[in-house]
Amino acid sequence: RQQCCVSFLKDSKCTAGMAAAKEGKVCEVGESDVCGANSYKECCSCCSLGLQLRSQGLSCEAHQYLGFPCSHVFLTCCEGEEGLGQPPLIQKEKPDPTSLPERVSEPKFPNEAY
């Protein structure tokens, strides 16, 4: 249960950080706001970086050292995806169903070795 609370707190602080960056606010938190402050600052800063590159018309290719969730937030803000929520992870597509295999007839002599 505690894990869920921590995850929810991080997600909500990250969402707030992205919103602040999109509103042009400074990526700082008050001294009294210590819970989730790192997530807020990281997401705000990464989103700000993405917004800056987009405004300059530069490529939105995330650097390999940004890490997660920074690279994900960076790309979301740089590519201009709407919505303030933390973007979902990319999910694999379900494979297309295949036809069932055809039954092969039994050999005439099943106990015979080849």
Test side chain to side chain contact (heavy atoms under 4.5 Å, CB included) on Thr76 and Met18 and set out the steps. CA-CA 10 Å; Thr76 299; Met18 289 174 68; 4.1 Å; yes
Rounded to the nearest 0.5 Å, what separation is found between the [atom1] atom of [X] and the [atom2] atom of [Y]?
{"X": "Phe74", "Y": "Glu61", "atom1": "CZ", "atom2": "CD", "answer": "9.0 Å"}
{"X": "Cys46", "Y": "Leu51", "atom1": "SG", "atom2": "CG", "answer": "11.0 Å"}
{"X": "Cys70", "Y": "Tyr65", "atom1": "SG", "atom2": "OH", "answer": "15.0 Å"}
{"X": "Cys27", "Y": "Leu49", "atom1": "SG", "atom2": "CG", "answer": "10.5 Å"}
{"X": "Ser48", "Y": "Lys25", "atom1": "OG", "atom2": "NZ", "answer": "12.0 Å"}
{"X": "Arg54", "Y": "Cys47", "atom1": "CZ", "atom2": "SG", "answer": "8.5 Å"}

Tell me, with the steps shown, if Lys41 and Glu28 meet side chain to side chain contact (heavy atoms under 4.5 Å, CB included). CA-CA 6 Å; Lys41 284 183 184 180; Glu28 292 295 325; 4.0 Å; yes
May I ask you to decide if Leu9's main-chain N or O and Ser12's side chain share a donor-acceptor pair within less than 3.5 Å? yes
Min side-chain heavy-atom separation Lys22-Cys77 under 4.5 Å: yes
Kindly give the heavy-atom pair with the smallest separation between Leu53 and Ser59, and that separation in Å. CD2-O, 3.4 Å
Check whether Leu66 and Leu75 end up in the same hydrophobic cluster, where Ile, Leu, Val, Met, Phe, Trp and Tyr are linked by side-chain heavy atoms less than 4.5 Å apart. yes
Looking at Cys14 and Cys43, is the distance between their SG atoms under 2.5 Å? yes
